[in-house]
Amino acid sequence: MAQRVRKAVLPVAGLGTRFLPATKAMPKEMLTVVDRPLIQYAIEECLAAGIEEFVFVTGRNKSALEDHFDAAYELEDTLVKRGKKRELKQTQEATIRPGNAIFTRQQQPLGLGHAVWCARELVGDEPFAVLLPDMLMAGEPGCLAQMVAAYHEVGGNMLAVEECDPARTDQYGIVGVGETVGKAFRITSMIEKPKPADAPSNLFINGRYILQPEIFALLGEHRRGVGNEIQLTDAMIALAAKQPFYGFRYHGRTYDCGSKAGLVQANVALALGRSDIAPAVADEMRNLLTRYGSREDEVPRPA
Ligand code: G1P
């Protein structure tokens with residue numbers, strides 16, 4: 001039987017240059033979607049999947065992440081005194097159990113594979129999840145919970161995948177599709193950011209992984225790949241020669257909050273799912289769309 005996935009690695013060392021100046025003094029993972037920071041969505045997704053320990057691979061200027069998941073004594077005390085029970089609950093829900101959040105630093109920006117490798121001693125010899133918090137997965141049950149259920153049937157390594165525009169394969173890791181096994185399929189090939197002509201499919205790795213610990217030795221070889229970075233995909237290709245890799249088709253909406261458009265879309269979509277603010281947001285959207293739609297010449301059209 002597949003060994004349980006108890007730990008998650010969250011690579012959060014990136015500078016967030018696409019969001020400057022918002023990210024000048026604040027980690028990009030603290031950018032907000034409605035009322036919580038991006039990173040909290042990833043942690044909630046993990047908790048719903050049974051994850052108990054969180055390894056954050058951070059960098060300089062990321063202390064807000066550590067503070068966010070800590071108890072906030074003065075704030076909580078004030079909320080108690082003011083009788084603000086709902087706010088107290090919301091604050092306490094953003095707390096990770098004592099000892100279950102571990103922070104280590106990626107000292108050089110050498111790529112995603114290097115960031116994951118930095119977690120090797122903290123993960124040890126057991127399967128683990130990797131979540132890229134930029135990718136916000138809206139959907140119930142969460143993407144990782146769906147994957148964990150599929151993983152328990154087949155074991156090995158598992159990557160969540162989704163379809164992308166075939167012209168945009170060069171923005172993602174892309175997988176080749178083999179036979180169906182349980183709720184997943186056998187991955188026949190992987191390639192990081194291929195040109196459309198070289199892509200084995202349009203199924204992209206969407207930022208959720210379940211990996212076996214043997215990946216660490218391969219990442220430790222520190223081979224450079226696309227963009228002269230140590231790529232997680234390249235180590236997975238090497239591991240696939242020894243262990244099975246399965247693709248899990250995630251059905252749910254994913255927002256790439258590493259891009260401005262994705263972050264705004266996520267805010268709108270999640271706001272529309274919240275009964276307290278949805279009517280006001282929807283009203284303004286209708287207003288804006290009416291005005292936007294009336295200036296046909298300014299509306300960007302898809303090619
Ligand atoms: C990384 C991975 C890529 C994956 C993508 C998902 O790329 O290397 O395989 O498809 O995340 O967001 P990055 O976005 O860091 O360039």
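FYI, side chains are in, hydrogens and waters are out, and symmetry mates aren't considered; it's all heavy atoms of this structure. Given the structure is predicted, the values throughout are model-derived calculations rather than measurements. Ligands are counted one by one from 1 in listed order, and the atoms in each one are counted from 1 as well.
- Interatomic distance, CD of Gln3 versus OH of Tyr151, reported as 6.5 Å (0.5 Å rounding).
- As a member of the Ile/Leu/Val/Met/Phe/Trp/Tyr network built from side-chain separations under 4.5 Å, Leu79 groups with Leu75, Val80, Leu88.
- Across every non-hydrogen atom of Cys143 and Arg208, the tightest pair is SG-CG, 3.8 Å.
- Here Ile174 contributes atom CD1 and Leu203 contributes atom CG; the two are 7.5 Å apart, rounded to the nearest 0.5 Å.
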Enumerate, one pair per line, all nitrogen or oxygen atoms of ligand 1 lying under 3.5 Å from a protein nitrogen or oxygen, stating the separation to 0.1 Å; write 'none' if no such pair exists.
from     : atom 1 : to     : atom 2 : distance (Å)
ligand 1 : 7 (O)  : Lys193 : NZ     : 3.2
ligand 1 : 8 (O)  : Glu192 : OE1    : 3.4
ligand 1 : 8 (O)  : Glu192 : OE2    : 2.7
ligand 1 : 9 (O)  : Gly173 : N      : 3.0
ligand 1 : 9 (O)  : Glu192 : OE1    : 2.7
ligand 1 : 9 (O)  : Glu192 : OE2    : 3.4
ligand 1 : 10 (O) : Gly173 : N      : 2.9
ligand 1 : 10 (O) : Ile205 : O      : 2.6
ligand 1 : 16 (O) : Lys193 : NZ     : 2.7

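- With sequence neighbours excluded, the residues satisfying salt bridge (Lys or Arg N to Asp or Glu O under 4.0 Å) with Lys89 are Glu93.
- Residue pairs meeting the side-chain hydrogen bond (donor to acceptor under 3.5 Å, both in side chains) criterion with at least one partner in residues 164-182, sequence neighbours excluded, are Arg168-Gln171.
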